[in-house]
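Here is the structure we will look at, set down as structure tokens.
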Amino acid sequence: MGKESVGITASKKNDFSEWYTQVVLKAELADYAPVKGLIVLRPDGYSIWESLKDTFDKKFAQNGIRNGFLPVLIPESLLGKEKKHFAGFNPEVFWVTHSGENEVGDRLALRPTSETLAYTLYSKWIKSWRDLPLKMNFWNTALRAEIKATKPFLRTSEFLWQEGHTVHSTEKEAKKEVFKILEIYKNTVEEELAIPVVTGKKSEKEKFVGAVFTTTMESIMPDGKALQMGTSHFLGQNFSKPFEVKFADKDNVEHFAWQTSWGVSWRLIGAMIMVHGDDKGLVLPPKVAPTQVVIVPIYNSDEDKKRVLEKSDEIKKQLESKSIRTHIDDRNELSPGYKFNDWEMKGVPLRIEIGPKDISKQKVVLAKRYNKEKTDLGFDEIEKIDLILNEIQTHMLESAREEAKQNTLNISDYTEFKEKIGKGGFFNANWCGKQECEEKIKEETGADIRVIPFDKENKEGKCIYCNEQSTSVPIFARGY
RNA sequence: GGGAACGUAGUCUAGCUUGGUAUGAUACUAGUCUGGGGGACUAGUGAUCGCAGGUUCAAAUCCUGCCGUUCCCA
């Protein structure tokens, strides 16, 4: 068999885009749907999403947030209630204009996001301060037409996500919620996906349309571009006013409520692929890997086969008793070498090779995916595998942090900035806070303000563009 | 937003310039051997050449439209 035709043929370093697409398709995470910009999730891809969903659900629940479900169709009259919000989304809205042969009266939008729908309901449900806070989350898909370049997980016209919508009686409490959610996002992405993130605020220009302010977490990808990993918005009363989300307070005075909305999408899967993958394919962080350990039995005679499979099964049971997701690759028709490459392409964190030679020595061969290390592991050490998986998880985050650090640069000279932006990276640069400078920089370099880190607000210095008094040190980068 | 390329079996691909019923590999099925890093041999299955029109005795090939995919640049 031609090695070229089966594995990943593009190099991550030299041909990043092509490499990414190949990994998604060949590792069988997703495939293209017959409609432009839409993808289909295959079991391994969906399993990773389910794993993230489970983690988020637990954390949301601990924070008093409950799940609900909203319909996909939103009447135009509702969507248009908050003018700026509508204008922001309108270009990419899919419209339903017919039911069968009949035209519908009020056009129906396939939700680009659900604020307008959720808050219509919220205004019905909320009457008193006793009804607050109202904290709900929705797992669904959103639809935003992507006219041009689409890429699996990163830019698709329909994407899986969760959108949370909370309502509070005070501004302070709502703001606290915004930051609490962002913290949950950050922890989850770093702990589960082993991707380091920078948290902070979006600039006025980049904030969510309709929000008072937007907090965000951003990560740097190996090609030097920034990826927005999730956002948590403080909506203030911008939506509660048009949608009349109001409540009678303890003093019997009616107030408009304070709101938040927040979301992460399957983009996180795209980030995971980019950050950890290599030229052999996907590399999965153990915590989200659908299969954590794959056992490849090796044998020739029927007698050996029986012994090896029996031992494999024993190891599998031992691992499963510790909740380690284990698979035995007993496909008879394939050679061990083929299987090794196959599972490496799919990114399974640990591989156990076991043959007659190993059994006689009371050990197996253990191969780690993320650093390609191969060692012997005695039968009596099998129980340590959960610790090894944890170690891998930790190391993956550490090395991703190291890489991110090397791609982050402090910069104060605009000429130098323009020279270096081509290679990508995060650039910490002083900014005066004026949108004009932000726009000029975008125009001249293609880089925008990804995030103003929380610890970099109110920093003195000189704006990299206009040299005037700076107000903060945002991260500039070219983004996805 | 601007530009370029591409679409032929599950996958990759030859053929297209100069129209004549599609090449090869791999995968798949069966068998024998093999088995510690992408195995070998033998025999078989699998394609209305992206879709819809048009030109023609005849279209994968020429023309038009549509759909889809990829890459590069802002």
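Each chain gets a letter, A, B and so on, in the order its sequence line appears, and its residues count up from 1. Quick caveat, the model's predicted, so the values are computed rather than measured.
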For [N] versus [M], give the span between their [atom1] atoms, rounded off to a whole number of Å.
| N | M | atom1 | answer |
| --- | --- | --- | --- |
| B:U13 | B:G31 | C1' | 29 Å |
| B:G35 | B:C41 | C1' | 16 Å |
| B:C51 | B:A60 | C1' | 14 Å |
| B:A52 | B:U48 | P | 12 Å |
| B:C49 | B:G68 | C1' | 16 Å |
| B:C16 | B:C6 | P | 14 Å |
| B:A27 | B:U11 | C1' | 7 Å |
| B:U61 | B:G20 | C1' | 11 Å |

Handout entry: Student check: side-chain heavy atoms of A:E163 and A:W262 closer than 4.5 Å
Key = no
Options [options], nucleotide nearest the side-chain atoms of [X]:
| X | options | answer |
| --- | --- | --- |
| A:N300 | B:G39, B:G37, B:G35 | B:G35 |
| A:Y299 | B:G36, B:G35, B:G37 | B:G35 |
| A:D342 | B:G38, B:G1, B:G36 | B:G38 |
| A:S335 | B:G39, B:G37, B:G1 | B:G39 |

With a 3.5 Å cut-off and no angle check, do the side chains of [X] and [Y] form a donor-acceptor pair?
| X | Y | result |
| --- | --- | --- |
| A:T97 | A:E103 | no |
| A:Y480 | A:Q228 | no |
| A:Y299 | A:N332 | yes |
| A:H276 | A:Y370 | no |
| A:E146 | A:S157 | no |
| A:E218 | A:T216 | yes |
| A:T326 | A:E320 | no |

What is the distance, rounded to the nearest whole Å, between atom [atom1] of [X] and atom [atom2] of [N]?
| X | N | atom1 | atom2 | answer |
| --- | --- | --- | --- | --- |
| A:E353 | B:G35 | CD | P | 16 Å |
| A:D31 | B:U70 | CG | P | 11 Å |
| A:K305 | B:C33 | NZ | P | 13 Å |
| A:L334 | B:G36 | CG | P | 12 Å |
| A:K361 | B:G36 | NZ | P | 15 Å |
| A:Q22 | B:U70 | CD | C1' | 11 Å |
| A:D304 | B:G35 | CG | C1' | 11 Å |
| A:W343 | B:G37 | CH2 | P | 19 Å |

Practice task
State whether A:R331 and A:D329 are salt-bridged, where the test is any N-O pair (Lys NZ or Arg NE/NH1/NH2 against Asp/Glu carboxylate O) under 4.0 Å.
Solution key: yes
Exercise for the section: Check RNA chain B against residues 362-382 of chain A and give the residues with a non-hydrogen atom under 4.0 Å, in numerical order. Expected result: A:V365, A:K374
Completion exercise
B:G68 -> Watson-Crick or G-U wobble partner, both distances under 3.5 Å, gives B:C6
Handout entry: Base-pairing assignment for B:G53 (Watson-Crick or G-U wobble, both under 3.5 Å)
Key = B:C63
Check: protein-nucleotides 71-74 of chain B nitrogen or oxygen pairs below 3.5 Å:
residue	atom	partner	partner atom	Å
B:C71	OP1	A:S17	O	3.0
B:C71	OP1	A:T21	OG1	3.2
B:C71	OP1	A:K151	NZ	2.8
B:C71	OP2	A:K151	NZ	3.4
B:C72	OP2	A:S17	OG	3.3

Reckon [X] touches a base, only the sugar-phosphate, or nothing at all at heavy-atom distances under 4.0 Å?
| X | value |
| --- | --- |
| A:P356 | base |
| A:K339 | nothing |
| A:R331 | nothing |
| A:N332 | base |

Practice task
Mark yes when over 12 heavy atoms from residues, nucleotides or ligands other than A:E436 sit less than 6.0 Å from its CD; otherwise mark no.
Solution key: no
Problem - Flag if over 12 foreign heavy atoms under 6.0 Å of NZ, A:K322 - result: yes
Completion exercise
Residue pair A:I147/A:G337 against RNA chain B: nearer the 5' end by closest nucleotide is A:I147
Axial cation check for [Y] ring with [X], 6.0 Å and 45° limits:
| X | Y | value |
| --- | --- | --- |
| A:R107 | A:W95 | yes |
| A:K311 | A:F379 | yes |
| A:K207 | A:F213 | no |

Identify the pairs formed between an N or O of the protein and an N or O of nucleotides 66-68 of chain B at a distance under 3.5 Å, and give each distance.
residue	atom	partner	partner atom	Å
B:G68	OP1	A:K36	N	3.1

